[in-house]
Every structure is written in C-alpha cells, then in structure tokens.
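To keep things clear, I will list the structure first and then write my remarks on it.
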Amino acid sequence: MNKTQAPIGLFDSGVGGLTVAAAIKQVLPNESMIYFGDTAHLPYGDKSKETIVQYSLNIAQFLLNKGCKIILIACNSASANAFEEVRTFVGERAVVLNVIDPVVEYVGNEPSLKNIGVIGTKATINSGSYSNGIQSLRPDVNVSSLATPLFVPMIEEGFIFDDISNGIIRSYLSRPELKEVDSLILACTHYPIIMNQIHRFFNFRVNIIDSAQIVAERLKFILSEKQLLNTSAKASHQFFVSDHTDYFEIIAKMFFGEKIVLQRTSI
Ligand code: DGL
C-alpha cells in the first residue's frame, strides 16, 4: 500500500476520541481511520503517568502493526502524560500528534480571549500542559483550571441528559475557579458529548472551545505538509476496543454518525 493510503490511527481510553474521529471524517473524508478505545483500562484520568505511558506505548505498537501513517493521541490525559514517550518510541515509523498543542496554538492566536477556563481530568489538569502552554504564548491571559473527574465515568455510563448529569455539571461549573471565565476549553475528548448542557449552564455567554474541529484542521495541515494526504482511496474505518461494552456501540453510532462494528482485541 502506498503511504498516502495508509490509515490514521487514533486512540483514547474509551468513547471520547470518537468526537475527534467524527471531526476528522468531516474534514478529511478520504482518510481511513483505525480507532482504539482502551475500555479495559478506562478511565486514564485517575491513573499515574507511568501507567498512562505504558498503556499508550502498547496501543502505539498496535497501531504501528496496522500500518498507520499517523498516530493521533485522541485523549488529553495521554497527550499530557505520554506524548514525548510515544513520539520517541514511534520514531520515524509514523507521525505522532496530540490533541493539546493545536488548541494551545489556537488560543495563542486568538487575541479576543482573556479569561480562559480549562476543565479536564486530574491527569490533564495536574500536568499543567494547557496552563503552561497558553501562558508561555499569552502571558496576558488568565487561565483557571479545574479537574472535573466525574464527567468521564458519567458519560461512559450514559448519564448525559438527566438529573444526575445536570447535577454533576452544575456542581462543577459553579465552582469559584470558573466564575470569571469568558472561554472554556473542553480539555477532555469526552466532554463535547455534554457540550449543549455546558452551554446552557453558562446561558450561552461563554465561548466553549472544543478541540475536535481544531485538531482535525491541524491534522489536515500536517498531512498536506508531509504529502501524506489521501486523495484517491475511499475511506474505510475500523474500531477496536480492549473490552466490549454495549454502551460503547450505542454512543459510537451516535457520535460517529454511522453504525460501527466493534472488534475486541487485547494489546
Ligand atoms: N477522553 C480522555 C481525555 O481526553 C480520557 C479520560 C479518561 O479516561 O479519564 O482525557
């Protein structure tokens, strides 16, 4: 297979990275994807750096075995804790990307943003990747970060449009850290799934920054720069999980926009 026709590999701890896969499908309709959801080890956000690195390297090897031209870490917790390790491990075999750098760059180039909130898992927030990255480009902005660890299990368990999710969303978003924000970065690829509820909580006056679109545009730029864009083949996608959950299949269809066949595999 010619390198341009090789698939894009992407991974997350569960369904979250599908929000990125859906954006890639829109922005790059010719590209084939291989998605890996590490549902056996979810959530990553509460794990140590060493553990997240180990899981990420195993998945990177799996995606390399599948011949991927790109390995996109479609998980903020793994991007924040394992990007350099995955990049070193993969070397010249594929291009490795994360979901944090494109958002940091986007914010760095948006002079209208002044008070930025960041919500994510403990692993992402404690790494300081967003706050340090943004402040090195824009020392003039305030960045307030808040770990919101219950959102991932809540979403994975299907609590999205009900009293439980509304209560948890209200409880986190009314914390003093987010009082003054004019923009909020969803620093977890699961969170776009509750984007409407977050908008509603803030009465639509806070600009919500969802990384999926920004990352997909960045990926397009990099593919074109490296002459890896697939301009000919018809895209086909494969989805792997390390543990099968019925809910994954339901939400996967909901967020990917088409029925998907899940293959269980151990890594
Ligand atoms: N979707 C993930 C992220 O972006 C994973 C969260 C988790 O597994 O805790 O951080």
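Being a predicted model, the structure only gives us computed values, none of them experimental. We count ligands from 1, going down the list as the structure has it; atoms in each ligand are counted the same way.
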Provide, to 0.1 Å, the distance between [atom] and the closest protein heavy atom, together with that atom's residue and name.
atom                    : result
atom 10 (O) of ligand 1 : Ser77 OG, 2.7 Å
atom 7 (C) of ligand 1  : Tyr44 N, 3.3 Å
atom 2 (C) of ligand 1  : Asp12 OD1, 3.2 Å

May I ask you to check if ligand 1 and Gly45 share an N or O to N or O distance below 3.5 Å? yes
Original post:
Would you say His190 and ligand 1 have an N/O pair spaced under 3.5 Å apart?
Top reply: yes
For Cys188, the ligand 1 atoms with a heavy-atom partner under 4.0 Å come out as 1 (N), 2 (C), 3 (C), 4 (O), 10 (O)
Determine, using ring centers only, whether Phe240 and Tyr35 are less than 6.0 Å apart. no
State whether [X] and [Y] are salt-bridged, where the test is any N-O pair (Lys NZ or Arg NE/NH1/NH2 against Asp/Glu carboxylate O) under 4.0 Å.
X      : Y      : result
Lys25  : Glu258 : yes
Glu85  : Lys49  : yes
Glu180 : Lys114 : no

Taking the inter-plane angle between the rings of His199 and Phe204 on a 0 to 90° scale, is it parallel (under 30°), tilted (30 to 60°) or perpendicular (over 60°)?
parallel
Testing the 3.5 Å rule here: is there a donor-acceptor pair between the side chains of Ser127 and Thr124?
no
**OP:** Taking the six-membered ring of Tyr55 (Phe, Tyr or Trp), confirm whether the NZ or CZ of Lys47 is under 6.0 Å from its centre and within 45° of its axis.
**Re:** no
With backbone taken as N, CA, C and O and side chain as the heavy atoms from C-beta onward, which portion of [X] lies under 4.0 Å from ligand 1: side chain, backbone, both, or neither?
X      : result
Asn76  : both
Ser13  : side chain
Thr121 : side chain

Heavy-atom proximity to atom 6 (C) of ligand 1, picking from Val20, Val152, Ile73, points to Val152
